[in-house]
Amino acid sequence: MFSSRSGWLNRIVLAVVLLSAGVIVSTRLGPPLAPPEAATTLYGWALLLGGFAIILGIANAVRFHLVRVQRGQREWLLSLLLLIVFALVVGAGLSSPEGTTGLLSEWVFDAVLAPGQATLFALSGVFLLSAAYHFLRVDRPGGIWILAGALLMLLVQTPFLYQIVPRSLVDLVDWLLSFPVMAAMRGVLLGGALAVLFISLRLIVNSAK
């Protein structure tokens, strides 16, 4: 009996989610299914639920790393470092009357978060160079065109080479970036967004069964 009730409850939740999503999307893409005020209210509720989901995710991550430190599992020092930084950021925000604009919060951001972001950005450059070394090769099918395009973009966008290359080459690269490359990027973004949408709908429908 309980399973049947939970199944009906999941179906009701699914109907509410799909109806709310339809109302919000219809106000932006087509004829609205409800007044704009209702869509704005639903959008605000969605943002509120998203913030609550972020809080739950943070609590789950803190619990996971606390258990990892208590049990002395592998790489528990990294978990302890994460918890210390988390405590510093939260403590700085709560202890300052100005909140995130306080001096302590800004110091934590400049001394802890900004160096970490710079480190991750530098590591991404290393990964990109490694990927380019492995895949941008002339002996691969189509590799010469990819290599030529990458070298052309670097040639034009490097500051000290930008003054040397002919203006026609710069205009060619601008045209490539504005039309073919941008069209491909929009196709990739649209395909990724549709994939996320279909996977989300599949998970929601499966959870309602």
Side-chain angles (χ1 to χ4, degrees), residues 18 20-34 36 39-40 42-44 46-47 49-51 53-54 57-58 82 85 89 93 99-103 105-204:
L18 293 178
S20 302
V23 170
I24 294 174
V25 173
S26 65
T27 57
R28 289 164 170 78
L29 299 181
L33 300 177
T40 303
L42 290 174
Y43 187 71
L47 293 178
L49 290 175
I54 292 176
I58 293 174
L82 185 143
V85 174
V89 175
T100 57
T101 60
L103 295 177
S105 298
E106 292 182 355
W107 179 85
V108 170
F109 180 82
D110 294 335
V112 180
L113 297 181
Q117 292 176 354
T119 303
L120 291 177
F121 187 76
L123 288 176
S124 66
V126 174
F127 291 141
L128 287 175
L129 288 176
S130 177
Y133 174 76
H134 286 91
F135 293 101
L136 295 182
R137 295 185 178 180
V138 180
D139 56 348
R140 292 179 178 271
I144 187 172
W145 296 105
I146 299 177
L147 181 60
L151 292 177
L152 183 61
M153 296 300 170
L154 290 175
L155 178 66
V156 173
Q157 296 186 2
T158 304
F160 68 92
L161 293 177
Y162 181 81
Q163 307 294 333
I164 302 175
V165 296
R167 183 63 189 177
S168 58
L169 186 60
V170 176
D171 294 337
L172 174 62
V173 173
D174 290 339
W175 180 84
L176 290 174
L177 291 175
S178 301
F179 293 97
V181 176
M182 184 58 66
M185 286 296 300
R186 288 178 177 175
V188 171
L189 294 176
L190 180 60
L194 291 176
V196 172
L197 176 62
F198 291 147
I199 292 174
S200 302
L201 290 176
R202 181 180 178 183
L203 292 176
I204 293 174

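On a predicted model such as this, the values are computed, not experimentally measured, just so you know. Scope of the values below: all heavy atoms of this structure, side chains included, with no hydrogens, waters or symmetry mates.
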message: Could you work out, with side-chain contact (heavy atoms from CB on, under 4.5 Å) as the rule, every residue matching Leu123, not counting sequence neighbours?
response: Thr119, Phe127
task: Of all the heavy-atom pairs spanning Pro115 and Asp110, show the shortest one and how long it is.
output: CD-O, 3.3 Å
query: At what distance, to the nearest 0.5 angstrom, does CG of Leu194 lie from CG of Leu189?
result: 11.0 Å
query: If we only count heavy atoms from C-beta on, is the Pro180 to Trp175 side-chain gap below 4.5 Å?
result: yes
- request: Only counting residues at least two apart or in another chain, list the ones meeting side-chain contact (heavy atoms from CB on, under 4.5 Å) with Leu172.
  value: Leu169, Leu176
message: For Ile199, give me all partners under side-chain contact (heavy atoms from CB on, under 4.5 Å), at least two apart in sequence or on another chain.
response: Leu203
